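Worksheet: one structure, shown below.
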Protein chains: 2
Amino acid sequence: MEEIDRAIVAALTGDGRLSYTDLAEKVGLSVSAVHQRVRRLEQRGVIKGYSARVSFEALELPLTAFVAIRPFDPSQPDDAPERLAHLPEIDSCYSVAGEDFYLLLVRVAGPADLERVLQEIRTAANVTTRTTVVLSTPYEHRPPKISAEPAVRGRSRPAAESAGSTAG
Amino acid sequence: MEEIDRAIVAALTGDGRLSYTDLAEKVGLSVSAVHQRVRRLEQRGVIKGYSARVSFEALELPLTAFVAIRPFDPSQPDDAPERLAHLPEIDSCYSVAGEDFYLLLVRVAGPADLERVLQEIRTAANVTTRTTVVLSTPYEHRPPKISAEPAVRGRSRPAAESAGSTAG
DNA sequence: CCTGAAAGTATGACTGG
DNA sequence: CCAGTCATACTTTCAGG
């Protein structure tokens, strides 16, 4: 990916509702060109979609917790993510290396809700849980570093490109 | 918050670029009314902003890890979040209950990058780290459950519903 | 791959139930 | 608090360098 595409992605991660007009000004292209690039980025899957950022406190889900799970019986087929997908309190599910099998991020209304969700997790996926309550969130979902200077790290790339220089 | 506002928030978490026209159709109000409600939701901080969802693989950040940290010297002032904020590889920082002080979510290009970031975390915040590598992400950042559970029992005027299968 | 322009559509403010 | 209208701005497509 090249410099202008990175600038577009960076701008849209900061404000997903930026108009093509503003975007064109930011990156120094015409509106049509920017529009074309955004469509290509969406089509290639670089931009997967757009979301509103909501306040979980305002949605009455002020309690966040990480729930590490591991199966009671490791010989059983491991389909925990599917068996837990129906629980709307689970924000994210990560398959992890280490002692645990999965790490879940859950958001609930309070301790009583957390207790209920933990029970549902245990019964639905036949797992044990180890829960870490989040006390506060200094920052979350920060835009990734998308610099204009792509650092090539140890992967083979087309021979025509050379590290650190702009390619045509 | 009431039912229609919840429906609006749910729709916008699923697609942050929905037009007010589409939104009005979904919730069964006029464009003007929906527009007014969205502005109030933004103003009240329920909707904090809009973002593009990007593919971290496409951004050449395919390696995700959780880094639990705790200070070398617990008597020192605990300002780890500020001292780590400058590291762009840190996606999120959670203050947690339990053995560790903070849980960081980091995204990097590969193992070599992870090693470098861990060193930077340790020196910048004077902490020890315990890292859990993410192998895969079955799902992430799912829209929270918003509707169907009003806080106060009571029914306002029924809104005409049409075409309801969005944002589970 | 870019620019520029034209048609269709959404937005934002305002009037009025 | 909701609906309708209108001027302005944006989006989207098409022709062309």
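Side-chain atoms are counted along with the backbone in the values below, which use heavy atoms only and exclude waters and symmetry mates. So you know, we letter chains A, B, ... as the sequences are listed, proteins then strands, and number each from 1. Bear in mind that the values here come from a model prediction, so they are computed numbers and not experimental data.
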Do Tyr20(A) and Gln36(A) get their side chains close enough for a donor-acceptor pair, meaning under 3.5 Å?
no
Quick check: on DNA chain C, is the nucleotide nearest Arg17(A) upstream (toward 5') of the one nearest Ile4(A), or the reverse? Name the residue that is more 5'.
Ile4(A)
Looking at Arg142(A) and Asp91(B), is there a salt bridge between them, counting it only when a charged N and a carboxylate O are closer than 4.0 Å?
no
Leu23(B) atom CG is separated from dG12(C) atom P, nearest whole Å, by 13 Å
Looking at Glu2(B) and Arg6(B), is there a salt bridge between them, counting it only when a charged N and a carboxylate O are closer than 4.0 Å?
no
Rounded to whole Å, please give me the gap between CD in Gln36(B) and C1' in dG16(C).
13 Å
Salt-bridge contact Lys48(A)-Glu140(B) (side-chain N to carboxylate O under 4.0 Å)
no
Protein-nucleotide distance (Leu29(B), atom CG; dA3(D), atom C1'), rounded to Å
10 Å
Rounded to whole Å, how long is the line connecting atom CZ of Arg37(B) with atom P of dG12(C)?
18 Å
Just checking Ser32(A): base, sugar-phosphate only, or nothing, at a heavy-atom cut-off of under 4.0 Å?
base
Please report the distance, rounded to the nearest Å, between OH in Tyr20(B) and P in dC10(D).
14 Å
Between dC2(C) atom P and Glu2(A) atom CD, what is the distance in whole Å?
7 Å
Base, sugar-phosphate alone, or nothing: which one does Ala33(B) contact when heavy atoms must sit under 4.0 Å apart?
sugar-phosphate
Please determine, for the side chain of Ser19(B), which listed nucleotide (dC1(D), dT3(C), dT11(C)) has the closest atom?
dT11(C)
Would you kindly give the CD-to-P distance between Glu3(B) and dC2(D), to the nearest whole Å?
13 Å
For dT11(C) and His35(B) - does any side-chain N or O of the residue sit under 4.0 Å from the phosphate oxygens OP1/OP2?
no
Closer to the 5' end of DNA chain C via nearest nucleotide, is it Asp22(B) or Arg40(A)?
Arg40(A)
Is any side-chain N or O of Arg39(B) closer than 4.0 Å to OP1 or OP2 of dT11(C)?
no
Nearest whole Å is fine: how far is dC1(D) P from Asp5(B) CG?
9 Å
Using modelled atom types and a 3.5 Å cut-off, is there a donor and acceptor pairing between side-chain atoms of Ser55(A) and backbone atoms of Ala58(A)?
yes
